[in-house]
S.K.: 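Structure provided below as structure tokens; questions to follow.
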Amino acid sequence: MTIETETLQPTRIANRPQRRAKRDLSRNVLLPWLSPIAILLVWWFVSAAGIVGPKVLPSPVLVVAAAWELTLNGRLPQALVASLGRVLAGTIIGVALGLAAGLLAGYYRAGQIVVDKPLQMLRAVPFNALVPLFIVAFGIGEWMKVSLIAVGVLVPIYLNTFAGVRNVDSKLVEVGLVYRAPRYLIAYKILFLGALPSILTGLRFSLAIAWIALVTSETVNANAGIGYILAQAQRFVRTDQVFLCIVIYAFLGILTDYLVRLLEGRLLAWRNTYDGR
Amino acid sequence: MPEIRLERISKRFDDVPVLDGIDLVIPAGEFIAIVGRSGSGKSTLLRIIAGLEQATSGRLQSTDRLAVAFQEARLMPWLKVAENVGFGLPAKDQSRIVADALGEVGLAGKAASWPLTLSGGQAQRVSLARALVRQPEVLLLDEPFGALDALTKLEMQNLVGTLWRAHGWTVVMVTHDVAEAVRLADRVIVLDGGQISESVAIPGRGPRSPEDGHLAALEAQLLRHLGVPLPAGNAAPETAHS
Ligand SMILES: Nc1ncnc2c1ncn2[C@@H]1O[C@H](COP(=O)(O)OP(=O)(O)OP(=O)(O)O)[C@@H](O)[C@H]1O
Ligand SMILES: [Mg+2]
């Protein structure tokens with residue numbers, strides 16, 4: 001009997017390093033890419049086997065060739081610069097306005113009364129329904145595109161900033177009040193930093209919307225940009241180029257998500273959250 | 001330095017009376033301890049003095065220059081320990097003052113830690129340090145040593161007592177621990193039924209040595225006021241060591 005329990009314990013302890021190894025596996029940077037690679041292989045196989053015609057599903061090789069061709073003739077780099085510029089400008093404007101509105105409405109009840117209802121209404125409107133309005137207001141140039149992206153970005157940032165501020169424990173605000181901390185300090189070090197987890201979640205939603213807004217605005221009217229290549233490719237039934245654009249959008253989306261996660265890792269290092277087992 | 005004056009202070013929460021006509025004058029420089037059962041309104045009284053709660057009726061004279069260590073540590077989890085202690089202090093000399101304070105509460109090595117990695121007692125000491133560095137006129141402490149082990153508790157009591165002596169602050173300390181109240185305070189008041197049911201002056205100045213023979217008698221007196229049944233005859237329990 002005693003021997004049994006004695007032999008049991010070392011095995012239990014010996015099992016621990018295996019757990020550890022499993023955890024480290026989830027930290028591996030390549031592992032999350034396994035399933036996308038699998039999808040790519042299936043795609044390749046399906047097109048190579050001729051199950052679906054190349055006009056519907058071009059092989060990945062054709063898509064790479066399209067990328068090569070568009071890079072050589074300079075259209076792709078030019079389009080990327082144009083599109084990224086629009087997303088960047090729209091995002092910066094949208095984040096700045098959304099943050100300002102969210103902090104204002106979060107900090108002051110008067111601000112909430114002024115700002116919240118209009119923005120809740122704006123949220124209810126699909127932003128692409130605003131396109132005609134924006135064309136009337138801003139013409140069909142860059143401003144229309146940038147402001148459409150900005151509006152799309154603004155709404156989730158606002159909502160999450162506002163909710164984040166209002167979620168900050170009032171007991172912490174009391175600390176600031178009782179120590180007679182100046183307003184900006186309470187606004188920054190208690191409310192803003194406390195709302196940051198929520199704000200960054202908002203940023204992730206925002207950036208996803210930014211790409212959608214970009215496509216929408218670029219397919220309406222454009223003479224440069226990924227959306228422009230997409231529209232052209234559609235017109236000339238260049239499915240390989242259509243796929244290329246889709247892949248680029250997917251890649252850019254993942255890239256921005258990754259950047260926000262990096263940001264979260266840096267800014268939210270204080271958190272002590274459950275991260276799965 | 002002004003005194004704190006409460007005149008017929010009452011407080012109701014949703015028509016339930018918690019404080020019922022409290023009259024209390026705390027002269028500048030006095031160390032007063034408030035004891036009472038859980039839910040007797042000690043924290044509420046402290047919050048009223050701090051200006052965080054509005055009395056339902058009565059008159060209050062207090063000061064702006066006060067520091068509070070709350071019953072819970074209330075650290076901002078997104079600020080490092082040192083930033084929490086230095087919160088709102090003028091930038092000049094801040095890092096030195098903060099480092100000194102953390103040293104005094106025995107947490108010099110934790111300056112760069114995140115609050116969520118601290119133990120309960122460590123968090124409470126950080127919160128105490130945050131109150132002490134403010135050099136207040138009035139220091140309000142709500143069960144400041146509740147989460148500490150016996151040894152650290154004695155050290156922290158000595159720290160607060162010594163700083164109080166050195167700076168001449170007015171201190172209002174809420175505690176469950178009658179022995180602690182008697183060690184540190186000039187006066188101990190018992191809160192019961194929304195009123196001050198007893199006020200006991202403690203001779204001498206804190207921090208007093210636990211060996212002080214008078215303290216046991218005062219402690220027993222206060223425990224009786226609190227309604228704690230004591231063993232008949234000799235108040236010393238069987239396990240007592242001399
Ligand atoms: N904001 C509030 N709203 C409603 N009731 C409250 C509120 N704050 C305190 N109370 C009530 O007032 C009473 C006194 O609370 P208080 O926190 O002052 O007690 P306490 O003496 O500090 O107790 P403890 O020793 O457990 O900390 C309790 O019955 C509590 O439920
Ligand atoms: Mg309390």
Side-chain angles (χ1 to χ4, degrees), chain A residues 23 99 102-103 106-107 109 157 160-204 260-276, chain B residues 43-44 46-54 62-91 94 110 112-119 123 126-142 172:
Chain A
R23 263 179 84 78
L99 266 182
L103 290 174
Y107 194 109
R109 245 178 267 161
I157 290 281
N160 284 279
T161 305
F162 178 65
V165 168
R166 289 297 168 92
N167 250 336
V168 171
D169 191 347
S170 64
K171 290 179 166 184
L172 297 180
V173 180
E174 270 188 4
V175 173
L177 291 176
V178 82
Y179 289 164
R180 301 291 183 277
R183 262 166 210 224
Y184 75 88
L185 210 61
I186 293 178
Y188 173 59
K189 283 209 170 169
I190 301 181
L191 296 177
F192 174 73
L193 291 182
L196 206 52
S198 175
I199 292 173
L200 288 174
T201 305
L203 185 61
R204 284 239 293 270
V260 179
R261 274 176 202 274
L262 270 189
L263 212 59
E264 284 183 343
R266 287 201 70 111
L267 296 178
L268 307 183
W270 54 271
R271 283 205 299 189
N272 203 345
T273 49
Y274 180 67
D275 58 355
Chain B
S43 296
T44 305
L46 216 61
R47 290 171 55 79
I48 288 175
I49 296 174
L52 290 170
E53 204 88 64
Q54 195 73 36
S62 186
T63 171
D64 255 11
R65 291 214 45 207
L66 44 78
V68 185
F70 292 91
Q71 191 164 358
E72 329 80 44
R74 298 201 186 184
L75 305 177
M76 327 297 169
W78 45 84
L79 299 179
K80 297 253 171 87
V81 163
E83 285 179 277
N84 264 290
V85 174
F87 181 84
L89 289 183
Q94 183 180 328
K110 292 286 182 188
S113 299
W114 295 116
L116 291 179
T117 65
L118 300 178
S119 75
V126 173
S127 161
L128 182 64
R130 180 174 64 184
L132 295 178
V133 293
R134 275 150 228 275
Q135 301 288 354
E137 285 175 353
V138 175
L139 185 61
L140 305 177
L141 306 172
D142 198 343
V172 184

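Below, chain A is the first sequence line, B the second, and so on; all start at residue 1.
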S.K.: Would you indicate whether the side-chain heavy atoms of B:Met76 and A:Leu193 approach each other to under 4.5 Å?
M.R.: no
S.K.: Using every non-hydrogen atom in the two residues, find where A:Ala181 and B:Phe87 come nearest and quote the distance to one decimal.
M.R.: CB-CE2, 3.7 Å
S.K.: Roughly how far apart are B:Arg130 CZ and A:Tyr179 OH, rounded to 0.5 Å?
M.R.: 5.0 Å
S.K.: Take B:Phe70 and A:Val175 through the side chain to side chain contact (heavy atoms under 4.5 Å, CB included) test and state the conclusion after the steps.
M.R.: CA-CA 9 Å; B:Phe70 292 91; A:Val175 173; 3.7 Å; yes
S.K.: For B:Arg65, is it the side chain, the backbone, both or neither that has a heavy atom under 4.5 Å from a heavy atom of chain A?
M.R.: neither
S.K.: Identify which part of B:Arg74 has an atom lying under 4.5 Å from any heavy atom of chain A, answering side chain, backbone, both or neither.
M.R.: both
S.K.: Less than 4.5 Å to any heavy atom of chain A: does that hold for the side chain of B:Leu75, its backbone, both, or neither?
M.R.: backbone
S.K.: Closer than 3.5 angstrom, by distance alone: can the side chain of A:Trp270 be matched with the main-chain N or O of B:Ser113 as a donor-acceptor pair?
M.R.: no
S.K.: Heavy-atom cut-off 4.5 Å, strictly under: side chain, backbone, both or neither for A:Leu267 against chain B?
M.R.: neither
S.K.: Under the side chain to side chain contact (heavy atoms under 4.5 Å, CB included) rule, what do A:Arg271 and B:Leu116 come out as? Steps first, then yes or no, please.
M.R.: CA-CA 7 Å; A:Arg271 283 205 299 189; B:Leu116 291 179; 5.5 Å; no
S.K.: Nearest 0.5 Å, please: how far is CD in B:Glu72 from NZ in A:Lys171?
M.R.: 3.5 Å
S.K.: Counting only heavy atoms closer than 4.5 Å, note whether B:Leu66 contacts chain A via side chain, backbone, both or neither.
M.R.: both
S.K.: Between B:Ala67, B:Ala50, B:Pro77, which has the largest tally of heavy atom pairs under 4.5 Å with chain A?
M.R.: B:Pro77
